[in-house]
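See structure below.
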Amino acid sequence: MDCQVTIYTRVYNTEPFLPKCLESVINQTYKSFQHVIIDNGCTDGCTEILQRYEKNHPWVKLIRFEKNQRFIDNTKWIDTPYISVLDSDDWWEPDFLERLVSFLQENDLDLAVTGTIQYLQEQGVSQIMRKLEQPVILTQRQFAQNYPPLWTFPSTRWASIQKTSIYKDTVFTGPLNLAYGGDTVSMLQYIKQCSRIGIDHSALYHYRIRPKSVSYQYNPRRFDANIAYYEQIKDFLELHHTLDYEKREWLKRVHLSSMGATLRLLKDAKVTENEKIAECARIAGHPLTAFALTNNCEERVAWYALMWEIVLGAMAGGALTDGESLRQTLKTLSPHCYNGVTPENGGVFARDPSLCEALRQDDADRLCQLVLELIAQKLYTRQYDLGRLLCGLLPAGSPLLGILDARFYQKYARPCALILQRERLAALEELTGLLLEDKKLYDGERLLNLYLSLAALEEQVPAFLFGKLRLAKLLLSQGQKDRSRAIADELAEMGLDNEDMAALRRELEAGA
């Protein structure tokens, strides 16, 4: 019988796992194959293993590159009706080829796929990764219609057999140079050329999961791959007019999940805190992220949890300086609280769990109250600019806006707390009491301006006139006669005529 299948394997420094891979080929019950192997610049002993393998088995065709090649055109070595890919750290069940070739030929398929058993290298445990209860045969359109429950089966080039004629005729265009998901993109382009696709109910491919493998290491281009991954699947579904509401929501979950995998790798990556925050900002600010986050699913919850873990860890580290990236990230995570958080004051959230929880819950009112309490208790005020933090958290229109001085909040904690609670009339009464005590005030001009703002907002005319008069007297005592005189003139126009006003006029005239 003529050779029917080309097994294609690229090898780069997988010496501990390569013998098991090659042994699984030797033990195949179906013998009509050749094994094309690329020694992709191995430096760890794989070359010697492959040379012995080639010497002992006539079906082996070994090609050696001195340097690792990212892109290799393998079509020049494939001259059989079918092709199957086997990764050099994985292995097959003995009947992999026999079962899939029969499945493909008996059902006139263009693509035959089997299920997968994943092997967790660190735990030494095997478990079913994907497997059907019954085999399915579908047209390309039927596959698109049933995409969500089936898409993972042909999402990789391995665990399948393809027709070489279709493979060679497929024009692999688009973003194939991906840090992640390139197999899915290339398989979708192959599937676009298929008439019939079959997924067997067997699980014959063993996929080894190694934390140190390239797929499980952080790559700065991985988020770009997440986007391309989403777009390619969307385009395939749109091609067949099957991207309905349910599939669109499902695809959001897929994107959130793939972003989650990227964030998990970023969290543990050996990069600086500033690099982590910059990548978080890029992810959080992308329009597709905002779109995916409209699906209130488990993947969304996991996405937020991972982002918070990275952000809070970066703020706690003390080395964060990229304020703009932090701001952009928090704008997505906590849109009502992000404005006050900076690299300089971010460390306080690691010190105070209540603050951290209020930030995560995006509860600006609660966070303002908590920060004010810390200021009043003189906690962390030497290490962090809590006044600036509080000012940044204030809602639009707050009378406290523009006040950055933590000592001001400390001195007037009670009326400030009432303002934060939107009890402005009570705050005005509290400040009136302070002013009537006629004691020396800390930052009196700022306090009086706050008093005037409250009086105006609450339409308390007597309080407004009282505050204006006190401000004029304060400015006069500071030698600011022109400003004091301008306020006196304003009060006269408003019709204020009492003993205090007359006394102010006499003092201004005496000093003229």
Side-chain angles (χ1 to χ4, degrees), residues 1-10 21 24-37 59-61 74-75 77-87 90-117 128-147 149-172 183-207 236 240:
M1 181 173 58
D2 292 337
C3 186
Q4 295 292 299
V5 183
T6 294
I7 305 166
Y8 179 74
T9 301
R10 286 174 61 170
C21 170
S24 76
V25 175
I26 294 169
N27 291 331
Q28 286 300 297
T29 57
Y30 183 91
K31 299 298 184 182
S32 182
F33 64 80
Q34 65 173 347
H35 195 176
V36 174
I37 305 175
W59 63 75
V60 178
K61 183 180 292 186
N74 61 13
T75 57
W77 301 297
I78 303 170
D79 53 7
T80 58
Y82 310 120
I83 178 174
S84 186
V85 172
L86 174 60
D87 283 358
D90 299 338
W91 70 97
W92 284 340
E93 285 293 307
D95 59 342
F96 176 90
L97 287 178
E98 181 176 7
R99 184 164 187 134
L100 283 193
V101 170
S102 297
F103 184 52
L104 184 144
Q105 292 176 338
E106 291 170 3
N107 295 284
D108 189 25
L109 304 175
D110 297 315
L111 174 66
V113 183
T114 181
T116 301
I117 302 166
I128 295 293
M129 184 176 179
R130 46 185 175 246
K131 184 179 183 298
L132 295 180
E133 292 298 321
Q134 297 292 333
V136 295
I137 310 294
L138 310 106
T139 64
Q140 185 184 147
R141 177 168 174 75
Q142 287 171 334
F143 176 63
Q145 289 171 331
N146 295 277
Y147 196 77
L150 299 175
W151 73 288
T152 58
F153 286 88
S155 65
T156 60
R157 292 207 48 211
W158 42 261
S160 69
I161 290 184
Q162 303 173 42
K163 280 187 175 179
T164 303
S165 59
I166 297 177
Y167 176 74
K168 287 188 174 183
D169 288 343
T170 301
V171 179
F172 293 103
D183 265 9
T184 299
V185 173
S186 62
M187 283 296 285
L188 277 173
Q189 295 189 7
Y190 177 87
I191 288 170
K192 287 177 184 179
Q193 315 305 316
C194 294
S195 296
R196 288 168 62 81
I197 301 158
I199 304 173
D200 193 32
H201 64 295
S202 58
L204 306 175
Y205 192 98
H206 293 264
Y207 170 58
F236 177 73
H240 293 282

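In this structure, the separation between CD on Q28 and CG on D95 is 7.5 Å, given to the nearest 0.5 Å. Of the inter-residue distances, the one linking L104 atom CG with S160 atom OG reads 10.0 Å to the nearest 0.5 angstrom.
The main-chain N or O of F103 is found under 3.5 Å from a side-chain atom of N107 such that the two form a donor-acceptor pair. A donor-acceptor pair under 3.5 Å is formed between the side chain of T184 and the backbone N or O of S155.
If you check the side chains of Y190 and D169, you find no donor sitting under 3.5 Å from an acceptor. Under 3.5 Å, the side chains of Q140 and H240 contain a donor-acceptor pair of N or O atoms. For the residue pair D79 and Q34, a side-chain donor N or O sits within less than 3.5 Å of a side-chain acceptor on the partner. The closest side-chain donor-acceptor pair between T29 and E98 falls under 3.5 angstrom. For the 3.5 Å distance criterion, the side chains of Q105 and Y82 qualify, holding a donor opposite an acceptor.
With contacts defined as side-chain heavy-atom distances shorter than 4.5 Å, the pair I117/M129 does not qualify.
When all heavy atoms of R157 and N74 are compared, the closest pair comes out as NH1-ND2, 4.2 Å. Residue S195 comes nearest to D110 through the heavy atom pair N-OD2, 2.7 Å, listed as atom of the first residue, atom of the second, then distance. Shortest non-hydrogen contact noted between S32 and C3 is OG-CA, 3.3 Å. Nearest heavy atom pair, residue T170 against residue Q193, reads OG1-CG, 3.5 Å.
Aromatic pair F236/Y147: centroids less than 6.0 angstrom apart. For W91 and H206, the gap between ring centers is short of 6.0 Å.
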message = Does Y167 form a side-chain contact (heavy atoms from CB on, under 4.5 Å) with L111? I'd like the steps, not just the answer.
response = CA-CA 10 Å; Y167 176 74; L111 174 66; over 6 Å; no
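Qualifying side chain to side chain contact (heavy atoms under 4.5 Å, CB included) partners for S165, counting only residues two or more places apart in sequence or in other chains: K163.
Between S84 and the options W158, W92, Y205, a side chain to side chain contact (heavy atoms under 4.5 Å, CB included) holds for only W92.
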